[in-house]
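In what follows, a structure is listed as structure tokens, so that the remarks can point back to it.
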Amino acid sequence: MGAVALLYFRYRNLLGSKAVSVAVTPNGYADAVYDNKFVMPEERTMSFADFVDIIEKKTHSPGVFYIQKQCSNLTEEFPELMGDVEDHIPWMSEALGKRPDAVNFWLGESAAITSLHKDHYENLYCVISGEKHFILHPPSDRPFIPYEMYQPATYKVNEDGTFEVIDGEPSDKVPWIPVDPLEPDLSLYPAYGETRPLHVTVKAGEMLYLPSLWFHHVRQSHGCIAVNYWYDMEYDIKYHYFQLLDSLTKAAGNS
């Protein structure tokens, strides 16, 4: 039995019939622009064993499945796994003078993709099995990265397995990045061609430090297991530098 299969076997024994939160989309893109809307996944509750059967292709269900719920889902939803990982990264906690605000657990299909975005956290991303593929942009690329406002919506799976998009409140528009770094439409977003993205692969046993306010797009190998640690960022000169860039970019776009 391979290392990944052993992990799944262990997790299935630990979690088994436990109900877990799973994001389900038709195309693998959760929290992303689709059909000129910002569409979030259907949040489905299912047993962990049923989820692993889908990942291992023992059963078929329409859509792409991904355990990606944040807000410290490892400590809140999967405390049984805390014996396998640290609840913080000691050297990072010492350097920042604080413990992580959240520890998140990620497991999903290779079709599950995280669209380009940024976070207000210092992020340590640890791959346990498989690989994660990051496309990174430093904050200085902000003038070339487009933002637009989108109507929020959510995917809903019908009984026949088809997906529909349910609109949210139109007044609660969401700012999001419409460009896909894998296939950027430079006719629509020519400025994006001025960026110089970094391509990073993080393999099992490796850790990536992703600074706050860095833009990132993430893909993964099938069944990749990862844990990341979010430390609250300091609202210091780095934050104010980004705010200046953001304000200048918006002003230039409105002129």
Side-chain angles (χ1 to χ4, degrees), residues 2-15 18 20-23 31 48 51-52 55 66-108 112 114 116-140 197-221 223-243:
V4 175
L6 282 171
L7 274 174
Y8 285 167
F9 179 77
R10 171 171 166 72
Y11 289 175
R12 187 192 291 272
N13 283 342
L14 279 173
L15 300 169
K18 180 174 182 174
V20 298
S21 300
V22 180
D31 300 334
F48 186 80
F51 169 76
V52 171
I55 296 296
Y66 195 15
I67 291 180
Q68 59 138 41
K69 189 174 182 179
Q70 294 150 56
C71 303
S72 209
N73 72 332
L74 180 60
T75 58
E76 298 299 320
E77 194 167 6
F78 299 98
E80 298 89 344
L81 304 183
M82 289 304 298
D84 291 351
V85 297
E86 299 282 353
D87 61 358
H88 74 122
I89 304 298
W91 58 263
M92 189 62 157
S93 298
E94 181 179 355
L96 297 178
K98 64 182 77 172
R99 290 290 189 112
D101 184 61
V103 185
N104 302 309
F105 176 75
W106 308 80
L107 171 57
T114 302
L116 189 63
H117 71 290
K118 68 179 190 315
D119 295 310
H120 288 69
Y121 291 100
E122 309 297 341
N123 188 352
L124 289 177
Y125 210 105
C126 310
V127 175
I128 296 170
S129 74
E131 296 180 349
K132 290 276 184 175
H133 308 285
F134 289 80
I135 299 175
L136 306 176
H137 290 282
S140 55
L198 303 174
H199 295 259
V200 178
T201 294
V202 185
K203 299 180 180 181
E206 296 180 340
M207 176 190 298
L208 172 69
Y209 168 48
L210 180 58
S212 57
L213 303 177
W214 275 59
F215 299 94
H216 50 289
H217 172 281
V218 192
R219 293 172 294 143
Q220 62 190 352
S221 60
C224 177
I225 301 172
V227 171
N228 82 305
Y229 298 80
W230 270 347
Y231 289 81
D232 279 332
M233 68 172 286
E234 295 293 329
Y235 289 82
D236 52 14
I237 190 170
K238 178 172 66 174
Y239 171 76
H240 293 294
Y241 166 72
F242 182 85
Q243 290 296 98

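- For the pair His217/His199, no side-chain contact is recorded, criterion being any heavy-atom separation below 4.5 Å from C-beta on.
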What's the verdict on side chain to side chain contact (heavy atoms under 4.5 Å, CB included) for Trp91 and Leu124, showing C-alpha distance, side-chain angles and the deciding distance? CA-CA 11 Å; Trp91 58 263; Leu124 289 177; 4.0 Å; yes
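- Residue Cys71 comes nearest to Glu76 through the heavy atom pair O-CG, 4.1 Å, listed as atom of the first residue, atom of the second, then distance.
- The pair Lys18-Glu77 does not meet the salt-bridge criterion, since no charged nitrogen lies less than 4.0 angstrom from a carboxylate oxygen.
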May I have the step-by-step check of side chain to side chain contact (heavy atoms under 4.5 Å, CB included) for Phe48 and Leu107, ending in yes or no? CA-CA 11 Å; Phe48 186 80; Leu107 171 57; 4.1 Å; yes
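- Here the side chains of His137 and Leu116 are in contact, with some heavy-atom distance below 4.5 Å.
- The heavy-atom pair separating Val127 from Lys203 by the smallest distance is CB-O, 3.6 Å.
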Criterion side chain to side chain contact (heavy atoms under 4.5 Å, CB included) on Leu136 and Leu210, from CA distance to verdict: CA-CA 9 Å; Leu136 306 176; Leu210 180 58; 3.6 Å; yes
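- At a threshold of 4.5 Å between non-hydrogen side-chain atoms, the residues Val202 and Glu131 do not count as touching.
- The minimum heavy-atom distance between Gly223 and Ser129, with the atom names listed, is O-OG, 4.1 Å.
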Take Thr201 and Lys132, measure what side-chain hydrogen bond (donor to acceptor under 3.5 Å, both in side chains) needs, and give me the verdict at the end. CA-CA 6 Å; Thr201 294; Lys132 290 276 184 175; over 6 Å; no
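- Between Phe51 and Gly108, the shortest heavy-atom distance links the atoms CZ-CA, 4.4 Å.
- Side-chain contact between Gln220 and Thr114: absent, with no pair of heavy atoms (C-beta onward) separated by less than 4.5 Å.
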Passes side-chain hydrogen bond (donor to acceptor under 3.5 Å, both in side chains), Tyr231 versus Ser93? Steps please. CA-CA 8 Å; Tyr231 289 81; Ser93 298; 2.8 Å; yes
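- How far CD of Glu122 is from CE of Met233: 6.5 Å, rounded to the nearest 0.5 Å.
- Between the CG atom in Leu213 and the CD atom in Gln243 there is a gap of 8.0 Å [rounded to 0.5 Å].
- Taking NZ from Lys118 and OG from Ser212, the interatomic distance works out to 10.5 Å, rounded to the nearest 0.5 Å.
- Atom CG of Leu208 and atom CH2 of Trp214 lie 9.5 Å apart (nearest 0.5 Å).
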Let's go through Ile135 and Val200 carefully: what are the C-alpha distance in whole Å and the side-chain angles of both, what is the deciding distance for side chain to side chain contact (heavy atoms under 4.5 Å, CB included) to 0.1 Å, and is it a yes or a no? CA-CA 7 Å; Ile135 299 175; Val200 178; over 6 Å; no
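- Although no hydrogens or angles enter the test, the distance criterion places a donor-acceptor pair under 3.5 Å between the side chain of Ser72 and the main chain of Val103.
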Pair Asn104, Trp230 - check side-chain hydrogen bond (donor to acceptor under 3.5 Å, both in side chains), show working. CA-CA 8 Å; Asn104 302 309; Trp230 270 347; over 6 Å; no
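- Of the residues listed (Val85, Asn228, Val20, Ile225), the one engaging Phe105 in a side-chain contact (heavy atoms from CB on, under 4.5 Å) is Ile225, and it is the only one.
- Distance CG/Asp101 to NE2/His88: 15.0 Å, rounded to 0.5 Å.
- Between Phe215 and Pro139, the shortest heavy-atom contact is CE1-CA, 4.3 Å.
- Ring orientation note: the planes of His120 and Tyr235 are close to parallel, at an angle under 30° on the 30°/60° scale.
- Nearest approach of Tyr229 to Cys126, heavy atoms of both residues: CE1-SG, 3.9 Å.
- In summary, the aromatic rings of Tyr125 and Phe134 are positioned with their centroids under 6.0 Å apart.
- No side-chain donor-acceptor contact under 3.5 Å links Asp119 to the backbone of Tyr121.
- Looking at Val227 and Ile128, their side chains come closer than 4.5 Å, going by heavy atoms from C-beta outward.
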Let's go through His216 and His117 carefully: what are the C-alpha distance in whole Å and the side-chain angles of both, what is the deciding distance for ring pair (Phe, Tyr, Trp, His ring centres under 6.0 Å) to 0.1 Å, and is it a yes or a no? CA-CA 6 Å; His216 50 289; His117 71 290; 4.2 Å; yes
